[in-house]
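Here is the structure we will look at.
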Protein chains: 2
Amino acid sequence: MVNRSVVKILAKHGMKITPQRIAILDVIINLQNHPTADTICDYLRLSYPHISIGTVYKTLDTFESKGIINKVYSETDTMRYDGVITQHHHLYCIDSERIDDYYDDGLNKLLNDYLKKKKIPDFIVEDFKLQIIGRFNEKNKTK
Amino acid sequence: MVNRSVVKILAKHGMKITPQRIAILDVIINLQNHPTADTICDYLRLSYPHISIGTVYKTLDTFESKGIINKVYSETDTMRYDGVITQHHHLYCIDSERIDDYYDDGLNKLLNDYLKKKKIPDFIVEDFKLQIIGRFNEKNKTK
DNA sequence: TTCCTAAATAGGAATAATTCTTATTTAGGA
DNA sequence: TCCTAAATAAGAATTATTCCTATTTAGGAA
Ligand SMILES: [Mn+2]
Ligand SMILES: [Mn+2]
Ligand SMILES: [Zn+2]
Ligand SMILES: [Zn+2]
């Protein structure tokens, strides 16, 4: 039942394979919600009652510094995390905390070409992320 | 010495004109740093020793809800504020907390046209912001 | 101009998110 | 199997933000 690919990721980055790390990485990769540390912790406690919130924070931070996960900037004062590291963008809901992934290779290419051509003075572009702000429509309001 | 346009903005939004509001709005519009509430408070205290951090937070929140200023999403757990409300984007420095404004009407148009044409399923786009992540080069490293 | 009152503020307490500390446990190499 | 550096749990501490309440004040009404 343990996600083998998760173990591989940890190994590839030279990290000790611990049950906590496996569980945390598994949850963040499989939860698509851009969860907070607290959400992850609550979820983990269902199957792992003793996990400590401090460990969750520390582990997420470690993952982030190794590039295994990303932080997602948001308007609340609670950090959110993202298990998807391939280039993508985010749909921010004006009416709720919901943040959805938005994949669009055409957009990536468009922006990449534009920024490459543009040459912003005194700044070397390494990456970019588009925050698309708006509303999910009726059919899609739950979730 | 009091910035008259700041008073006008407050009046336009039907807010009481208080010394605190004038000072806070003046600072955030003139400070280009995307400052935190705390930075604003420290700065204000030079000329206004008794201003309360709670008032600063509350006032910034009021301004934001009236659309007079914006919040800027960032990676730290400290909210940052932006006195510029015309459409623009941000340059995020990988090596520091620095966030600079980036104005580019060509980019605005490009993205606007693209998103208008694209029609993201089940989502109505109201606005968008590009986070451009990278490094400021030597000449521009101070500030 | 003076008075009145709802709204705003100061100052401090409370809360929430995150980080830190330390004793204990454990992964994994020798 | 043993050893040790690294990881974890639990709780304390810190930091950012919000809340509470007594006091002050802006600005409309008289
Ligand atoms: Mn914090
Ligand atoms: Mn907080
Ligand atoms: Zn995402
Ligand atoms: Zn800005």
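Protein chains get the first letters and strands the later ones, always in sequence-line order, with residue 1 at the start of each.
Contacts of B:Ile17 with the nucleic acid, taken as non-hydrogen atoms under 4.0 Å apart, involve only primed sugar atoms and P, OP1 or OP2. Across all strands shown, B:Ile53 has no heavy atoms under 4.0 Å from either base or sugar-phosphate atoms. At a threshold of 4.0 angstrom between heavy atoms, the contacts of A:Thr78 are confined to the sugar-phosphate backbone, with no base atom among them.
The side-chain tip of A:Arg98 points at the ring of A:Phe136 from less than 6.0 angstrom away and within 45° of straight on. Taking the ring axis of B:Phe123 as reference, the NZ or CZ atom of A:Arg135 does not stay both within 45° of it and closer than 6.0 Å to the ring centre.
In a base pair of the Watson-Crick type (N1 to N3 plus N6-O4 or O6-N4) or a G-U wobble (N1-O2 and O6-N3), with each distance short of 3.5 Å, C:dG29 is matched with D:dC2. Pairing for C:dA14 is with D:dT17, a Watson-Crick or G-U wobble pair whose two hydrogen-bonding atom distances lie under 3.5 Å.
Taking atom CE of B:Met15 as the reference point, atom C1' of D:dT25 lies 15 Å away to the nearest angstrom. Rounded to whole Å, the distance from OH on B:Tyr81 to P on D:dA16 is 12 Å. To the nearest angstrom, C1' of D:dC19 lies 11 Å from NZ of B:Lys58. When the C1' atom of D:dT17 is taken as reference, atom CG of B:Asp38 falls 11 Å away, rounded to whole Å. Rounding to whole angstrom units, CD of residue A:Glu75 and P of D:dA16 are separated by 19 Å. Between A:Ile22 atom CD1 and C:dT26 atom P the separation is 14 Å, expressed in whole Å. Between the CD atom of B:Glu97 and the P atom of D:dT15 there is a distance of 15 Å, given to the nearest Å. Taking atom CE of A:Met79 as the reference point, atom C1' of D:dT17 lies 15 Å away to the nearest angstrom.
Checking A:Tyr81 against A:Glu64 by side-chain atom types alone, no donor-acceptor pair falls below 3.5 Å. Of the N and O atoms on the side chains of A:Ser65 and A:Thr62, not one donor lies less than 3.5 Å from an acceptor on the other residue. No hydrogens or angles considered: nothing links the side chains of A:His89 and A:Asp101 as a donor-acceptor pair under 3.5 Å.
Comparing D:dA9, C:dT9, D:dT17 by their closest approach to the side chain of A:Ile51 singles out D:dA9. Side chain of B:Tyr57, nearest nucleotide from C:dT9, D:dA9, D:dT18: D:dT18. Proximity note for B:Lys16 (side chain, C-beta onward) versus C:dT18, C:dA8, D:dT8: the nearest is C:dA8.
Along DNA chain D, the nucleotide closest to B:Thr18 and the one closest to B:Asp61 are compared, and the more 5′ of them pairs with B:Asp61. Heavy-atom nearest nucleotides on DNA chain D were determined for B:Pro19 and for B:Ala37, and the one closer to the 5' end corresponds to B:Ala37.
The local environment of NE2 in B:His13 is crowded, with over 12 non-hydrogen atoms from other residues, nucleotides or ligands closer than 6.0 Å.
In this structure, B:Thr55 reaches the C:dA10 phosphate: one of its side-chain N or O atoms is under 4.0 Å from OP1 or OP2. Here B:His50 reaches the OP1 or OP2 of C:dG11: one of its side-chain N or O atoms lies under 4.0 Å away. In terms of phosphate contacts, B:Gln20 brings a side-chain nitrogen or oxygen within less than 4.0 Å of OP1 or OP2 of C:dA10.
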